[in-house]
Structures are given as C-alpha cells and as structure tokens.
Amino acid sequence: MTPNPYLFIIIFVGVAIAFPLMPLALAWLWRRFFQPPKPGLQKNAIYECGVESIGDAQIQFRSQYYLYAIIFLIFDVEAIFLVPFAVAFIGLPVGAFIAVLVFLLLLIEGLIWAWSKGCLSWAR
Amino acid sequence: MSEQIDERLRSELQRQGVWVTSMEELYNWGRKNSIWPLQFGLACCAIEMIATAASRYDIARFGGEIFRPSPRQADLMIVAGTVTKKMAPQIVRLYNQMPDPKYVISMGACAISGGPFKQGYNVLKGIDRYIPVDVYIPGCPPRPEALLHAFMELQRKIDSQKLTGDARAVHLQPTQPSEFPVPAFGAHDLEPAANPGVFQPPRIERQS
C-alpha cells in the first residue's frame with residue numbers, strides 16, 4: 001500500500017520544527033547543568049558599550065521631523081534622477097525632456113514650500 | 001583524569017590507532033580552540049590586533065577568528081592599548097558583562113603598566129589594577145607574532161585548567177567573584193585607585 005502523500009509534508013514540518021528547537025534545547029540543558037552560575041548586577045545589566053544606560057529605550061521623537069524627511073527626499077530623489085538625466089541629455093526626445101522638467105518643477109515646488117515655511121533657516 | 005592514565009600506555013595506544021582521552025581534556029580542547037575575543041581596541045596596539053586578525057597573520061588558525069562586538073558572546077578581552085582613566089570604568093564594566101569563563105590578555109606596555117605615559121596624570125598604570133590578567137605581552141606595540149604567542153600561552157593555560165576538585169578553574173569556584181567593582185571618577189584620581197583583591201603594588205627590595 002502507498003502511504004498518504006501528505007504524510008511527507010507532516011514529516012517535513014516535524015523536522016523543520018525540531019531542527020531549530022534542538023540546538024536551543026541543548027543550549028538550555030547545557031546552561032542548566034554545566035554553566036558556572038555567576039549572575040551579577042552588571043552582568044545582567046543592559047549592554048551599552050560599557051557605559052551605564054541612561055533612561056528608557058522607549059522614547060518618542062517629535063513629529064516635526066517629517067520636515068527633514070521631506071527635504072531629504074527633495075534633494076536625494078532629485079540627485080538620483082538628475083544624474084541619468086544629465087548623462088542621457090543629448091539623446092533625449094522633447095517629450096522626455098518636458099517630463100523631467102515637470103518632475104523637477106514638482107520637487108522645486110516642494111522646496112519653495114519648505115523655504116516659505118522657514119525649514120531651511122538654521123536657528124529657529 | 002589525565003593523571004590516572006599512564007603516558008607511555010597512552011602513546012602506545014596512540015601508535016596502534018586508539019585515541020584515549022578524558023571528558024576534561026575534550027572539553028578544554030574545545031574551549032581552547034574556540035576563543036572568541038571581544039572586538040575592542042584602545043590605541044595603536046589595536047592596529048596590531050587588527051593585523052593579527054587579518055589574513056597575513058590570521059588568528060583564525062588558532063580558533064580566535066570571531067571577534068565579537070558584544071561582551072555577551074566573548075571569552076577573551078584583549079586590552080589593546082593605552083587605558084586612560086576616563087576609559088577604565090568602561091573596560092571594567094565590559095569585563096563584568098562578559099560571561100564566564102573569561103580571560104584577559106594585557107597587550108602592550110601601556111596596558112601592562114601605563115608604558116611611556118606612566119608618569120602622566122590621565123593614564124591608568126596597568127589594567128591589572130582592576131581586573132585579573134591572564135597573559136601579559138610586552139612591547140610598544142607588540143608585533144602580531146607576539147599576540148599570537150600570547151594567544152597560544154592562553155590556550156596552554158586553558159588546556160591545563162581543572163574542571164573538578166579543589167584546584168579547579170576560577171570560574172567554576174562559587175566563592176570566586178565574577179564581577180569586579182567599577183572605579184568611579186574621583187576629585188583627583190579613580191576611586192579606588194586599585195582593587196586590593198586583584199592588585200598588590202610591587203614591593204621594592206633594596207639591597208644595602
């Protein structure tokens with residue numbers, strides 16, 4: 001008689017679960033029976049490159065940082081698209097040229113908006 | 001126990017193709033050939049340490065290739081370079097955060113005694129004032145071969161460590177500390193200036 005064809009999948013699933021669990025279990029057994037049990041305040045403390053950790057890890061960022069993200073996007077995306085545009089400039093048809101100009105206009109619009117909001121001035 | 005088997009019998013068996021060993025030897029053999037150092041350099045000695053890890057000197061031949069960026073996974077701390085008093089508490093804390101068993105190589109004149117900066121106001125006069133050091137390497141800086149030699153000395157030390165009995169390794173003795181007090185910045189110096197449990201100042205004997 002032939003075994004159920006889905007039996008192999010069950011075997012594979014079993015092996016796939018046992019394979020990562022076995023080293024973890026072995027490591028746990030090793031820790032349980034052979035590890036020199038020497039915990040300590042500093043050994044259990046948070047690793048912060050050797051200095052004492054200050055405060056909490058769950059801190060909040062100001063939502064105003066989205067302005068920096070937008071300005072970064074303007075300059076970064078512009079540079080990425082402008083370089084191939086400049087390289088292929090000679091062979092470009094008029095339609096592609098106008099398309100790139102429209103794209104530039106959109107980004108410059110964003111820059112003007114950020115400028116008028118005062119994001120580009122250093123000290124606020 | 002390697003003491004219980006006759007060495008001549010052992011070599012005789014080895015010649016016949018029978019390899020006899022003990023759990024302790026096997027365990028230490030595994031430990032000494034998989035020493036993971038802490039990736040951690042302080043000054044110019046760190047450049048030599050990097051050269052030792054790179055392909056020309058290749059510390060990987062001795063099982064020390066995996067420099068871990070976290071003390072949680074490291075066995076060996078190579079104190080490579082000048083230890084300033086500003087940096088000393090961090091080094092002791094990193095040492096404390098390493099799991100047992102842990103070993104320290106004090107690399108170069110600065111890490112041993114302060115070296116050329118010993119008379120300075122801001123350099124620690126030897127990392128062995130705060131943490132126990134297993135192997136010292138003299139030199140300014142020591143060449144990679146010297147670091148390899150120290151590494152092999154450490155391997156020899158690990159190989160000879162006992163796992164049971166009264167003379168067993170320090171990390172297996174429950175009464176021995178695994179953490180050492182971190183010095184604090186005082187008004188003029190680190191406080192305390194040395195850990196008396198680890199460091200005794202050298203006694204000067206004058207001949208009259």
Side-chain angles (χ1 to χ4, degrees), chain A residues 11-73 75-77 79-80 122-123, chain B residues 23-24 26-28 30-31 34 38-42 68-75 77 79 83-84 86-103 127 130-132 161-164 168-185 195:
Chain A
I11 292 173
F12 273 134
V13 166
V15 170
I17 291 173
F19 194 73
L21 283 186
M22 206 168 53
L24 289 177
L26 281 175
W28 184 85
L29 282 175
W30 188 267
R31 186 195 69 83
R32 178 77 180 74
F33 292 107
F34 295 107
Q35 184 213 36
K38 284 190 178 178
L41 270 181
Q42 287 176 10
K43 201 185 273 185
N44 295 342
I46 298 165
Y47 168 58
E48 198 74 62
C49 299
V51 289
E52 279 174 303
S53 57
I54 300 169
D56 203 358
Q58 277 82 35
I59 58 166
Q60 293 179 331
F61 288 97
R62 287 174 63 199
S63 61
Q64 275 86 344
Y65 279 114
Y66 82 97
L67 285 176
Y68 293 95
I70 286 177
I71 294 170
F72 170 77
L73 202 71
F75 287 110
D76 194 59
V77 173
I80 286 173
W122 186 251
Chain B
M23 274 308 286
E24 184 180 282
L26 198 66
Y27 184 60
N28 281 343
R31 281 199 313 137
S34 60
L38 186 59
Q39 188 177 31
F40 157 70
L42 293 173
R68 303 311 295 185
S70 163
R72 313 286 193 207
Q73 304 159 348
D75 307 306
M77 173 183 253
V79 183
V83 185
T84 55
K86 189 89 174 175
M87 193 65 191
Q90 276 73 262
I91 292 173
V92 178
R93 200 174 283 113
L94 280 177
Y95 177 80
N96 287 344
Q97 288 185 337
M98 282 162 63
D100 282 290
K102 48 190 170 186
Y103 304 93
I127 192 61
Y130 293 116
I131 54 179
Q161 280 185 327
K162 297 270 173 292
L163 300 181
T164 50
R168 61 186 185 272
V170 175
H171 66 274
L172 293 170
Q173 296 176 9
T175 53
Q176 293 291 323
S178 167
E179 293 187 5
F180 293 91
V182 177
F185 298 124
N195 182 1

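This is a predicted model, so every value here is computed, not measured. Chain letters run A, B, ... following the sequence lines, proteins first and then strands; every chain starts at 1.
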Fill in: Which portion of B:Gln173 sits near chain A, non-hydrogen atoms under 4.5 angstrom
backbone
Worksheet item: Which is it for B:Asp100 and A:Lys43 under the side-chain contact (heavy atoms from CB on, under 4.5 Å) test, yes or no, and what are the steps along the way?
Response: CA-CA 10 Å; B:Asp100 282 290; A:Lys43 201 185 273 185; 2.9 Å; yes
Worksheet item: Which heavy-atom pair separates A:Tyr47 from B:Gln97 by the least distance, and what is that distance?
Response: CD1-OE1, 3.4 Å
Discussion item. Does A:Glu52 have more than 12 heavy atoms from other residues, nucleotides or ligands lying within 6.0 Å of its CD?
Written reply: no
Worksheet item: Got a sec: does the CD1 of A:Ile11 have more than 12 other heavy atoms crowding it under 6.0 Å?
Response: yes
Fill in: Separation between SG of A:Cys49 and CZ of B:Arg93, rounded to the nearest 0.5 Å
12.0 Å
Item to complete: Answer yes or no: is there an ion pair linking B:Glu179 with A:Lys38, defined by an N-O contact shorter than 4.0 Å?
Response: no
Worksheet item: Which answer fits B:Met98, side chain, backbone, both or neither, if we ask what part of it has an atom under 4.5 Å from a heavy atom of chain A?
Response: backbone
Worksheet item: What heavy-atom pair brings B:Gln90 and A:Val51 nearest, and what distance separates the two atoms?
Response: CG-CG1, 3.5 Å
Fill in: Atom CD1 of A:Ile46 with >12 non-hydrogen neighbours under 6.0 angstrom
no
